[in-house]
Amino acid sequence: MTAKNVKVKILGIVGTPIKNGNCQFQLEAALKQAEDTGQAVTEMVHLRDYKFSFCIGCDKCMRNIHKIQAKVGHDVSPVPIEGYNCSIKDDMEILHAKMTEADGIILMAPVYIASIPGQVKTFIDRCRTFVHDFRLQDKVATAMTVGFFRNAGQDTALDLMRTSLSALGLNIVSFGAAAVSTRDGLGVPIRETRFGVQEDFAGSVMMSIAVKRLVRMAVLIKAGKMALEEAEK
Ligand SMILES: Cc1cc2nc3c(=O)[nH]c(=O)nc-3n(C[C@H](O)[C@H](O)[C@H](O)COP(=O)(O)O)c2cc1C
């Protein structure tokens, strides 16, 4: 593969208790746009399909990281962790593997009381190892949300997701994208469709911008790394 025909892997993670809802619809549209660039392959995971529990704050992930750093040195980044680094054996193991294999991540969650659903926060907490092991350092991420109203918590939900993704060591691309699932964002459900979000033109424009930038930055990072490896040969 040359830097010219680099393809990146974009992982879309949707966190809502609702299957086949507006968030899933919007994320599927985003991933299709990513594929349409011709430079991305995509995968979507719905957190509802995975069973995982709260972080118990045992610090085992950090102790493992410190043990490895004591051997290899504290300036080695990413920390060479083999496999899953969490004391709780559940489906987070699958999700961690998917995250470490991706070049770019889209985190999508609905606005819940000007924030995100608890499941998504639990998912983020369970990713603590990445804060300290830097395994996501060469990947990009963006956040997306869908709410009932135009200005009723989208910004705070997006901000929370962006900051969390950044804390996990990811490079954040764009503001992210907010959309509404009601007509004109006025809180009145659209009777004719289950997917009101598809009527939100402003929301789809925001989404396109975020997707294009995400794919571009993921490609640039991957191509840059390939070029560096080539130069060091
Ligand atoms: C518990 C709960 C809290 C919500 N809080 C907000 C809110 O603060 N602001 C908002 O605009 N919409 C809020 N909503 C509406 C959802 O964000 C909206 O219905 C969204 O389309 C849900 O996405 P989904 O169809 O993928 O589940 C809330 C919904 C629920 C169930």
Side-chain angles (χ1 to χ4, degrees), residues 10-36 42-55 91-92 94-95 98-99 102 104-127 141-166 170 172-211 214:
I10 305 295
L11 175 69
I13 302 170
V14 55
T16 158
I18 306 295
K19 266 301 197 53
N20 297 313
N22 285 280
C23 287
Q24 185 175 338
F25 182 94
Q26 189 79 339
L27 182 59
E28 281 168 355
L31 294 177
K32 177 161 186 323
Q33 286 202 7
E35 297 231 356
D36 287 347
T42 67
E43 181 184 1
M44 192 190 79
V45 295
H46 200 305
L47 291 186
R48 220 190 76 173
D49 294 332
Y50 296 83
K51 293 220 178 324
F52 53 88
S53 55
F54 299 118
C55 172
D91 288 350
M92 281 306 295
I94 305 167
L95 295 169
K98 288 185 188 295
M99 291 168 81
I105 292 174
I106 302 175
L107 181 60
M108 161 66 91
V111 183
Y112 269 21
I113 320 294
S115 181
I116 55 174
Q119 295 93 321
V120 185
K121 177 64 175 130
T122 296
F123 163 74
I124 292 167
D125 289 349
R126 288 289 307 282
C127 289
T142 198
M144 295 188 179
T145 192
V146 180
F148 243 48
F149 294 97
R150 179 67 69 191
N151 295 303
Q154 273 100 341
D155 273 359
T156 41
L158 278 184
D159 199 24
L160 203 149
M161 285 191 275
R162 277 193 314 255
T163 308
S164 303
L165 292 166
S166 167
L170 289 148
I172 306 308
V173 171
S174 102
F175 281 127
V180 289
S181 55
T182 59
R183 185 154 284 149
D184 298 327
L186 295 173
V188 183
I190 302 168
R191 281 182 188 280
E192 306 84 62
T193 174
R194 169 78 185 86
F195 306 116
V197 74
Q198 66 192 316
E199 284 202 4
D200 183 11
F201 180 65
S204 74
V205 171
M206 289 284 286
M207 181 189 77
S208 293
I209 294 169
V211 168
L214 184 83

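What you see below is based on every heavy atom in this structure, not just the backbone, and it leaves out hydrogens, waters and symmetry mates. Both ligands and their constituent atoms are indexed starting at 1 by order of listing. Given the structure is predicted, the values throughout are model-derived calculations rather than measurements.
- Electrostatic pairing of Arg126 and Asp91 does not count as a salt bridge here, judged by no charged N lying under 4.0 Å from a carboxylate O.
- Residues with a heavy atom under 4.0 Å from ligand 1: Thr16, Ile18, Gly21, Asn22, Cys23, Pro110, Val111, Tyr112, Ile113, Ala114, Val146, Gly147, Phe148, Phe149, Ala152, Ser181.
- Taking OG from Ser164 and CD1 from Ile116, the interatomic distance works out to 6.0 Å, rounded to the nearest 0.5 Å.
- Residue Thr142 holds its OG1 atom at 11.5 Å from CE of Met207, rounded to the nearest 0.5 Å.
- For the residue pair Ser208/Gln33, the side-chain donor-acceptor check at 3.5 Å is satisfied.
- For the pairing with Ile106, the side chain to side chain contact (heavy atoms under 4.5 Å, CB included) check across Val14, Val173, Leu31, Ile13 returns one residue only, Leu31.
- The heavy-atom pair separating Ala179 from Gln154 by the smallest distance is O-NE2, 3.4 Å.
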